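Structure record follows, encoded as structure tokens.
Numbered from 1 within each chain, the chains take letters A, B, ... in sequence-line order. Note that the structure is predicted; figures quoted are calculated from it, not measured. Only this structure's heavy atoms are used, side chains among them; waters, hydrogens and symmetry mates stay out.
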Amino acid sequence: MIMKVFNTLTRKKEEFKPLVAGKVSMYVCGPTVYNYIHIGNARSVIAFDTIRRYFEYRGYDVNYVSNFTDVDDKMINEAHKEHTTVEKLAERYIKAFMEDTEALNIEPATLHPRATHEIKEIIDFVQDLIDKGFAYEVDGDVYYRARKFPNYGQLSDQNIAELEEGASEHINEEEQSKKEDPIDFALWKAQKEEDEIAWDSPWGKGRPGWHIECSVMSTKYLGDTIDIHGGGQDLEFPHHENEIAQSEAKTGRKFVNYWMHNGFVTVGKKQEKMSKSLHNFVTVHDILKQIDPQVLRFYMSSVQYRRPINYSEDGLKQAETVLKRYQNTLRNLDARLNDENETLEDNGLRDDLTQAKAEFIEAMDDDFNVQNALSIMYDLATTLNNHLQKDQVDKPALKRAKKLLIAWLEIFGVSFNEEQAENDDEIEKLIAQRDEARKNKDWAESDRLRAELQAKGIVIEDTPQGTRWHRA
RNA sequence: GGCGGUGUAGCCAAGUGGUAAGGCACGGGUCUGCAAAACCCUAAUCAUCGGUUCAAAUCCGAUCACCGCCUCCA
């Protein structure tokens, strides 16, 4: 079967053909670490983690690189405001990022490079662009000659004339006066204040511009041409456009085969983009104090990466409901696998499993259509729940189903903790007492015991196979 | 102004020419001593108008509304 991926460059779904059979090289633009990530940032991380996990599910070996932008204007300003250093600020929020994403069950990248650890390579890269005539130095700044790159604007379908007009409205005069052309962008910025973080370079003390670091790290760690480059839709222009210009001007090779952009998290009735400038964001750090990370993760994974998600309480609640159902199914599945009853062969069930797997893959292969995939997963749970109510179950088939369901849930970043088969004597004793009471039809005592257990956070389920319990 | 996206039942949402998947919520029912869990049943003609076609949510045209990028942003 063929996987199809929507390529922003061509605005079409294309057959995915990796550069090297069985391997995927992926670069995803990471955060600027001057604050906790908010849910919109998390969406991007989750979307590409899900994509990565699906590639892995399909047997690909994924080399996944995601950077930290640990120096730029915002970093400098924030550090200044907090009377700390850019380095300390970076340490703090990189740590927070790793904690938040771990809670959301994000697989760490194969590599998390940082801009400030690549300064030498960045300088060499910029120098190369100067040598090739694609860049020029002015008063310690270095700019990229955008017009010289023939395909400038190809990713975002912008034409130079329009860009120029747009740029003229937003340009700051000082920068404008230095540039040869308003559409040029900075590769290197000269140090402005004495105490401002800076490195020595052929153009004096300064620091890298924003776009260059990704070109450098992507080519350095993954090669001149990579399979997939990802990020939020807001990075299409100018960030990714500029990355293409920088990288292809330097290497003379195609930079990226498939550009993938995730949709935004929106907020409120108007469905506005969640963003720092609109002050309508919720940080992951804060929200996880109130909600189960697994629920947030599943909610964010449950919409195809290109579509917007309108963040809502309802959506979270729905995700939680569905998640609980899977948890119950798996729990009941385990109970039946462990019970004493004879097994039987249910060919209908076995066929259903085979078919579900094929359908799941078909859905996901189509540009990660998670809505359809989840619908198939949901149906599988229904099939299993029905089967589990029978007096005799097909244990080998259930084992297979369990593996399938767990593997699928993992693609969406959900892994239920193995219920430790903790032999809690006290609870077992209370349940035994309750069973005794029920046998004697002493409902008052039975209900009293159930309430007592409930108070301890224990949920009771009476089934034809006996009483089961789990923690709420 | 340029480029892009969205509009399907109360809510989320699939579906890109063949006559509207699925989920949540609501309601009804089955099972249960009662619960819990689970299962079953139940709803929309697809923003508006016009066109093409035997046939359109799906194609074409126009209109309306909302969002995003073009300036730091996942």
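With sequence neighbours excluded, no residue forms a side-chain hydrogen bond (donor to acceptor under 3.5 Å, both in side chains) with A:N35. A:E180 meets the side-chain hydrogen bond (donor to acceptor under 3.5 Å, both in side chains) test with A:R145; sequence neighbours excluded. Under the rule for a salt bridge (Lys or Arg N to Asp or Glu O under 4.0 Å), A:E461 has no partner lying at least two apart in sequence or in another chain. Applying the side-chain hydrogen bond (donor to acceptor under 3.5 Å, both in side chains) rule to A:T383 yields no partners; only residues at least two apart in sequence or on another chain are considered. For A:R43, there are no salt bridge (Lys or Arg N to Asp or Glu O under 4.0 Å) partners two or more places apart in sequence or in a different chain. With sequence neighbours excluded, the residues forming a side-chain hydrogen bond (donor to acceptor under 3.5 Å, both in side chains) with A:S156 are A:E241, listed by chain and number.
Both A:T266 and A:G263 lie close to RNA chain B; mapped to their nearest nucleotides by heavy-atom distance, the more 5′-ward contact belongs to A:T266. Mapped onto RNA chain B by nearest heavy atom, A:D366 and A:I39 fall at different nucleotides, with A:D366 at the one closer to the 5' end.
Going from atom CG of A:D234 over to atom P of B:U71 covers 13 Å, rounded to whole Å. Going from atom CG of A:N310 over to atom P of B:G68 covers 12 Å, rounded to whole Å. Atom CD of A:Q371 is separated from atom P of B:A13 by 7 Å (rounded to the nearest Å). Taking atom NE2 on A:H261 and atom C1' on B:C73, their separation rounds to 13 Å, with Å as the unit. The distance from atom CZ of A:F237 to atom C1' of B:C72 is 14 Å, rounded to the nearest whole Å. Rounded to whole Å, atom C1' of B:U16 lies 14 Å from atom CZ of A:F6. In this structure, A:Y34 atom OH and B:A74 atom C1' are separated by 11 Å, rounded to whole Å. Separating the CG atom of A:N372 from the C1' atom of B:C12 is a distance of 14 Å, rounded to the nearest angstrom.
The residue A:V265 sits close to a base: some heavy atom pair falls under 4.0 Å. Within the 4.0 angstrom heavy-atom criterion, no nucleotide atom of any strand lies near A:G230. At a threshold of 4.0 angstrom between heavy atoms, the contacts of A:F264 include nucleobase atoms, whether or not backbone atoms are also involved. Among the heavy atoms of the strands, none lies under 4.0 Å from A:G315.
Nucleotides B:A62 and B:G23 have their P atoms positioned 39 Å apart, rounded to a whole Å. Here, B:U42 and B:G28 have their C1' atoms 8 Å apart, quoted to the whole Å. Taking atom P in both B:A44 and B:G22, the straight-line distance is 13 Å, to the nearest Å. As rounded to the nearest Å, B:C26 and B:A9 have C1' atoms that lie 13 Å from one another. Between B:G7 and B:A14, the distance separating the two C1' atoms is 15 Å to the nearest Å. Taking atom C1' in both B:G10 and B:A43, the straight-line distance is 11 Å, to the nearest Å. B:G27 and B:G33 have their P atoms separated by 25 Å, given to the nearest Å. One C1' atom belongs to B:C64, the other to B:C49, and the distance between them is 10 Å to the nearest Å.
Proximity note for A:N369 (side chain, C-beta onward) versus B:A21, B:A74, B:G15: the nearest is B:G15. Side-chain proximity of A:K273 to B:G68, B:G22, B:A25: nearest is B:G68. Listed candidates were B:C69, B:G22, B:C24. Nearest to the side chain of A:V322 is B:C24.
Shown here, B:G4 forms a base pair with B:C67; the pair counts as Watson-Crick or G-U wobble because both key distances fall under 3.5 Å. The partner of B:A44 cannot be assigned: no Watson-Crick or G-U wobble pair with both contacts below 3.5 Å exists in any strand. Of the nucleotides present, none pairs with B:U52 by Watson-Crick or G-U wobble criteria with both distances under 3.5 Å. Base pairing annotation: B:C39 forms a Watson-Crick or G-U wobble pair with B:G29, both donor-acceptor distances under 3.5 Å. Shown here, B:C34 forms no base pair; nothing in the strands shown gives a Watson-Crick or G-U wobble contact with both key distances under 3.5 Å. Across all strands shown, B:A9 remains unpaired; no Watson-Crick or G-U wobble contact has both distances below 3.5 Å. The partner of B:U19, taking Watson-Crick or G-U wobble pairs whose two distances both stay under 3.5 Å, does not exist in any strand shown.
At least one donor-acceptor pair under 3.5 Å links the side chain of A:D227 to the backbone N or O of A:S25.
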For a quick check, with a 4.0 angstrom heavy-atom cut-off, what is the B/S/- contact string for nucleotides 32-40 of chain B, read 5' to 3'? -BBBBSBSS
Assign a letter to each nucleotide of nucleotides 4-11 of chain B from its 5' end: B, base within under 4.0 Å of a protein heavy atom; S, sugar-phosphate only; -, no contact. --SS----
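Remark: A:R114 fails to qualify as a cation-pi partner of A:F68 under the 6.0 Å distance and 45° angle criteria applied to the six-membered ring. For the pair A:R325 and A:Y378, the cation-pi test (distance below 6.0 Å, angle within 45°) is passed. Relative to the ring axis of A:F6, A:R306 places its NZ or CZ within 45° and under 6.0 Å from the centre.
Between A:Y34 and A:N77, the side chains place no donor N or O within less than 3.5 Å of an acceptor N or O (distance only, hydrogens not considered).
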Identify all side-chain donor-acceptor contacts of residues 353-366 of chain A below 3.5 Å with residues at least two apart in sequence or on another chain.
residue, atom, partner, partner atom, Å
A:T354, OG1, A:R350, O, 3.2
A:T354, OG1, A:R400, NH2, 3.0
A:Q355, NE2, A:E359, OE2, 3.0
A:D365, OD1, A:Y54, OH, 2.7
A:D365, OD1, A:R58, NE, 3.0
A:D365, OD1, A:R58, NH2, 3.4
A:D365, OD2, A:R58, NH2, 2.6
A:D366, OD1, A:K13, NZ, 2.9

